[in-house]
Structures are given as structure tokens and as C-alpha cells.
Amino acid sequence: MISNILSWAEEDRPREKLMMKGKAALSDAELIAILIGSGSRDLSAVDLSKLILQSVNNNLNELAKLSINDLIKFKGIGDAKAISIASALELGRRRKDSEVTKKTKVSSSSDAYEAIRPHLMDLSHEQFWVLLLNRANEIIRPQQISIGGVAGTVADPKIIFKAAIEHLASSIILVHNHPSGNLTPSQADKDLTKKVKESGKMLDIPVLDHLIFSDNGYFSFADEGIF
């Protein structure tokens, strides 16, 4: 750019710096300044951002704990700016959660149970999920397939493998819960498992296991040798 950075308005400099040097070159305060856009009558956007960070000892984890009401106490921060800060920090948290999920490797039925546990814990109705895995048996993502009632749910193999193909899964693990806590597979559970497993062979997307989930434990078709 022809213009010298010193001639730019203070609140514009972080944006131009990002364009010229990349996002990694910016400080936390400069990144927040981009989010809020402008400062107050007495402080530039960067200085206001520094003030906010100083209030939490420059700790982004502590900043993420501030509520909208906490943020708008700073002069120059209104609802819109506070919401922008909170939204950006929430996206960062979700990205971190997503990265953890993708790195989770399934080496046993207990690994699969722990991975799906947050999604099926404390439910009073049946749900059917699949864990989509890559070639290293790492979880690409858990995918909900269907929601049923207290007594059961229906899972369509076409929907199961549509999800697997869309996310380029190399293999899958089937999971559904029994709200009653009874871990004995029904004949319908066995028939569905067989049907999905045969479809997986045809599509070269093997079904590694089928878990029946309860809050206090699980049943693994693979572990019990009926897979």
C-alpha cells in the first residue's frame, strides 16, 4: 500500500496491519480492536481493548467468562460491541472443542462409549447416532441419525451411509440408547445391525461395532462376538 501506516486513523491500523502482515502479527488487543471497530471519546479502539484485557490480567480464558453486562460497563462498549466480543470468543471455544473431537481415537468399545456419552446422557427417549471415523480410527464427528420415542427409534441405512459418504468416513460405529437401562439387544437391534453391516461391506465403509448405550454402561455387539 502506498499510504504510510502512521497516517491512518488509530482504529484502522489493526485492520491494515492484518492485511499487510497477517493475523498472527496482531496482539490480542489489536484483534479485539478489530471486533469492536472504534473506541470511546477518550480512548482508541486498541487502548480500550487493552483496558478490557488488563481487567482480566490479559487472560483470554477469563475474558470469555465475562457476561455482556460485564463488558458494557467499559465506557465505549455497548451491546453490539459486547456481543461481537462474546461471539468471537465462543467461536474460539467451539473450534477448540471441534479439534479435540477430531483427535479422539477409538481403540475400544469404551472409547466409543465415552465419545458418545455427552450426546446421549440423561435422555428419556431413544436416539440413533453414528460415530464417523477416518482411516486412523479417529472420530471425524458424531452424527445423529434419528430420534424416536420411549420404546424405540428407526434408523434408515440410506441416511446412515449418506452421512458417512458426505464426511468421507472410512468406517462407522452405530450407537443407540435404551432409556430403560436394559442393555439386552432386541431382535430388531440384531436385524438392523446385520442389515447395516452388509450395506457397509458393499460400500467399503465397514461397521466396526454397534453400542447400546445407557447412562450406567453399554452393550457392544463386537465385544460380545455377535457382530
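Note that these values count all heavy atoms, side chains included, but never hydrogens, waters or copies made by symmetry.
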Can you tell me which residue pairs pass the salt bridge (charged side-chain N to carboxylate O under 4.0 Å, His left out) test with a partner in [range], sequence neighbours excluded?
range            : answer
residues 82-92   : Glu90-Arg93, Glu90-Arg94
residues 208-225 : none
residues 29-44   : Lys17-Glu30, Asp42-Lys75
residues 165-185 : Lys162-Glu166

Looking at residues at least two apart in the chain, or sitting in another chain, which of them share a ring pair (Phe, Tyr, Trp, His ring centres under 6.0 Å) with [X]?
X      : value
Phe221 : His210, Phe219
Tyr218 : Tyr113
His119 : Trp129

Q: Would you check if there is a donor-acceptor pair between the side chains of Asn69 and Ser67 at a distance under 3.5 Å?
A: no
**Q.** Closest contact, heavy atoms only, Leu31 versus Lys23
**A.** CD2-O, 4.4 Å
**Q.** CD1 on Ile32 to OG on Ser84, rounded to 0.5 Å
**A.**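 It is 11.5 Å, given to the nearest 0.5 Å.
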(Q) To the nearest 0.5 Å, what is the distance between CG on Leu48 and CG on Leu53? (A) 10.0 Å
Q: Kindly write out the residues that satisfy side-chain contact (heavy atoms from CB on, under 4.5 Å) with Ala188, not counting sequence neighbours, or none if the list is empty.
A: Ser186
Q: Take Asn177 and Ile212 through the side-chain contact (heavy atoms from CB on, under 4.5 Å) test and state the conclusion after the steps.
A: CA-CA 5 Å; Asn177 64 316; Ile212 299 175; over 6 Å; no
**Q.** Ile160, Val175, Ile159 screened by side chain to side chain contact (heavy atoms under 4.5 Å, CB included) with Phe128, the one that passes
**A.**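 Testing each of Ile160, Val175, Ile159 against Phe128, the sole residue satisfying side chain to side chain contact (heavy atoms under 4.5 Å, CB included) is Ile160.
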Q | Contacts of Asp28 that satisfy side chain to side chain donor-acceptor pair (under 3.5 Å) - sequence neighbours left out | A | none
Q) Residues in side chain to side chain donor-acceptor pair (under 3.5 Å) with Asp156, at least two apart? A)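 Result, side chain to side chain donor-acceptor pair (under 3.5 Å) vs Asp156: Lys158.
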Q: Begin from the C-alpha positions of Glu16 and Arg13 and carry the test salt bridge (Lys or Arg N to Asp or Glu O under 4.0 Å) through to its verdict.
A: CA-CA 5 Å; Glu16 303 295 347; Arg13 292 178 190 173; over 6 Å; no
Side-chain donor-acceptor pairs under 3.5 Å in residues 195-205, sequence neighbours left out?
from, atom 1, to, atom 2, distance (Å)
Lys197, NZ, Phe227, O, 3.1
Ser199, OG, Lys195, O, 3.0

**Q.** ring-ring contact (aromatic ring centres under 6.0 Å, His included) pairs, two or more places apart, involving residues 45-95
**A.**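 Those involving residues 45-95 do not exist here.
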Q) Does Ser124 reach the side chain of Pro179, with side-chain heavy atoms less than 4.5 Å apart? A) no
